[in-house]
Every structure is written in C-alpha cells, then in structure tokens.
Peer 1: 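Take this structure first; my questions come after.
Predicted, not measured: the structure shown is a model, and the values here were computed from it.
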Amino acid sequence: MDTSGPYRTVTGFADSAPVWVQRTFELWTGYGLWLFGVLLAAVWWRARSRGDARAVALALLAPAATAVAYAVSEAVKSTVEEERPCRTVAGAAAPLVGCPPPGDWSFPSNHAAIAGAAAVALAMAVRRLAPLVVPLALLMAFSRVFVGVHYPHDVALGLLLGGSVAVLVVLALTGPVASGVRAVRAGGIRAGIRLTGPGPGGESFPEVRNVSGCRMP
C-alpha cells in the first residue's frame, strides 16, 4: 500500500503551519496517550464505586484490551518491517520530531493501535464517552502523520487493529470477568475487593466473629 502522496501532503501542511500548531501536535503525539490512561483509571474508579459487577468487568478489561492490542500491533510491526516514511519518502518535508531509529518499524502505528483500542474499550464501558474518546483517537492517529513519523495507512490500519482487538477481548471476557468479580467479593479477599469495590451491599469485607460470638474488627 503506497500512501506516500498523502504523506507528503500532510507533512507539507505541517511544515507550513504556525509554530503553535506544530508544538501542539508535538505535545499531543508525545503525551496524548497519558490522557487515555487517566480516562481508563477514572472509568475503573467510577465502576468500582458504583458496584455493578459487569461495569467493573468492563472497566478492568479496558486497559487489558489496550495492552493486548499493543502486543498484537508490535507483533505485526516486527513481522512486516516497513521502513519509516521520514527516511524513505523523497520530496517530503522534514519531520517535526526526530525520525525513529532503524529497526523501529512503521507499520502499523502503535500509537494509533493503543488509542483505537482504548477508545473502543472506554466507549464499551461508558457509552457517553464515545463522543470524546473517538475524536481523541483519530487526532492521535493523525498526529503521527502530521509530525512525519508514519504513513497514513500505518495509522488507519493501526486504529482498525486496535479497535478490533478491543472489541474481541471485551466481548469474549466480560462474562467470565464479571463472574470473577462476584467471586472475589463473595470470598472477602481484601486485595481483590480493593480492586473490584465492595459491591452493591457496600460492605467491603465480611464480618468476622470470634468463638465467643463477639464482633471483631
């Protein structure tokens, strides 16, 4: 797949953009994934506090699905071994950030795969987040082309790969993980309850009594 033409167009636009636009994209492409991390943590805390086992399962699976998507993306990248456009496309503007070293392959974009997986998993956990996280994922993918380190097809298929993996992981594991959440709560394991929350009843740990029948803390 040759998307050298669109790559030249986007990087040419980036090269002529105002400095503040360039810096904004540089910051976003470098640190934007941390925002997805914050959202993943917030969704987990929200689900943990509300108590529904299925909601907790979806919240726990969101980062797990994102990690799986990254691993799959990295495996594909190591297999395809596509060179970065910032080293191979003649006549393109210089990248706004340093071109990754040889051996750091281009296809697919890990940033796009992670953003796509996180966006899909977050939207499956909290549907109201979709109008926020989907544009953020698209912006992350576009930024990788804008700064000059990926072809358009790298990010497009990275998004598709990440989103598809997230859907498969979440759909396959939500039921089993929800059952596990209920089991952990029923077992009263402190470490597990800290992760899953106390459940609808609001009791964090089961009441323990000594042999005389008195309550123990």
Side-chain angles (χ1 to χ4, degrees), residues 21 24-73 108-147 150 152 154-186 191-204:
V21 173
T24 299
F25 272 96
E26 290 172 22
L27 286 171
W28 175 246
T29 203
Y31 302 102
L33 290 181
W34 286 101
L35 177 57
F36 285 100
V38 171
L39 290 171
L40 288 168
V43 165
W44 163 73
W45 186 257
R46 172 183 180 272
R48 180 189 180 279
S49 302
R50 293 194 172 194
D52 179 72
R54 186 175 184 277
V56 173
L58 289 169
L60 291 173
L61 283 171
T66 303
V68 172
Y70 167 74
V72 172
S73 175
S109 164
N110 282 341
H111 278 70
I114 292 170
V120 168
L122 285 166
M124 293 178 76
V126 182
R127 292 182 181 179
R128 288 176 296 178
L129 283 178
L132 171 65
V133 295
V134 171
L136 287 178
L138 294 173
L139 184 62
M140 174 55 69
F142 177 75
S143 74
R144 303 304 288 165
V145 182
F146 187 91
V147 301
H150 277 290
D154 294 339
V155 299
L157 293 176
L159 285 172
L160 180 61
L161 174 65
S164 299
V165 169
V167 168
L168 291 175
V169 169
V170 172
L171 291 180
L173 297 180
T174 298
V177 172
S179 297
V181 169
R182 297 185 189 98
V184 166
R185 288 170 171 173
I193 290 176
R194 289 192 181 96
L195 181 66
T196 65
E203 292 293 334
S204 297

Peer 1: Check side chain to side chain contact (heavy atoms under 4.5 Å, CB included) between A137 and all other residues, then give those that pass, not counting sequence neighbours.
Peer 2: F36, A115, A119, L159
Peer 1: Measure the NE2-CG distance between H111 and D154 for me, rounded to the nearest 0.5 Å.
Peer 2: 13.0 Å
Peer 1: Taking side chain to side chain contact (heavy atoms under 4.5 Å, CB included) as the definition, give me every residue that meets it alongside A64, ordered by chain and number, with sequence neighbours left out.
Peer 2: none
Peer 1: State, to 0.1 Å, how close G158 and P108 come at their nearest heavy-atom pair, and which atoms those are.
Peer 2: CA-CB, 4.0 Å
Peer 1: Got a sec, which residues hit side chain to side chain contact (heavy atoms under 4.5 Å, CB included) with P152, two or more places apart in sequence or on another chain?
Peer 2: T3, P6, Y7, V145
Peer 1: Please name the pair of heavy atoms, one in S109 and one in V155, separated by the smallest distance, quoted to 0.1 Å.
Peer 2: CB-CG1, 3.9 Å
Peer 1: Considering all heavy atoms of both residues, which atom of W28 and which atom of L136 are nearest to each other, and what is their separation?
Peer 2: CZ2-O, 3.6 Å
Peer 1: If you look at every heavy atom in F146 and V21, which pair is closest and at what distance?
Peer 2: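 Minimum heavy-atom contact is CZ-CG1, 4.1 Å.
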Peer 1: With rounding to the nearest 0.5 angstrom, report the OG1 to CG distance, T66 to L122.
Peer 2: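 So the gap between those two atoms works out to 7.0 Å.
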Peer 1: Report the distance from atom CE of M140 to atom OH of Y31, rounding to the nearest 0.5 Å.
Peer 2: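 Going from CE on M140 over to OH on Y31, the span is 12.0 Å.
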Peer 1: Drop me the distance from N110's CG to H150's NE2, to the nearest 0.5 angstrom.
Peer 2: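 Rounded to the nearest 0.5 Å, the CG-NE2 separation comes to 7.0 Å.
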Peer 1: Report, one line per pair, each donor and acceptor closer than 3.5 Å where one atom sits in a side chain of residues 124-135; sequence neighbours left out.
Peer 2:
none

Peer 1: Please round to the nearest 0.5 Å and tell me the distance separating atom CG of L61 and atom CH2 of W44.
Peer 2: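 Taking CG in L61 and CH2 in W44, the distance rounds to 14.5 Å.
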Peer 1: Checking S143 now: which residues fulfil side chain to side chain donor-acceptor pair (under 3.5 Å) with it, not counting sequence neighbours?
Peer 2: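 Partners of S143 by the side chain to side chain donor-acceptor pair (under 3.5 Å) criterion, ordered by chain and then number, come out as T29.
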Peer 1: Under 3.5 Å, which donor-acceptor pairs do the side chains of residues 164-178 form with other protein atoms, sequence neighbours left out?
Peer 2:
{"from": "S164", "atom 1": "OG", "to": "L160", "atom 2": "O", "distance (Å)": "2.7"}
{"from": "T174", "atom 1": "OG1", "to": "V170", "atom 2": "O", "distance (Å)": "2.4"}

Peer 1: Just jot down the ring pair (Phe, Tyr, Trp, His ring centres under 6.0 Å) partners of Y70, sequence neighbours excluded, or say none.
Peer 2: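 Y70: no ring pair (Phe, Tyr, Trp, His ring centres under 6.0 Å) contacts found.
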Peer 1: Strictly distance-based, threshold 3.5 Å: is any side-chain N or O of S49 a donor or acceptor partner for the main-chain N or O of W45?
Peer 2: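 At least one qualifying donor-acceptor pair exists.
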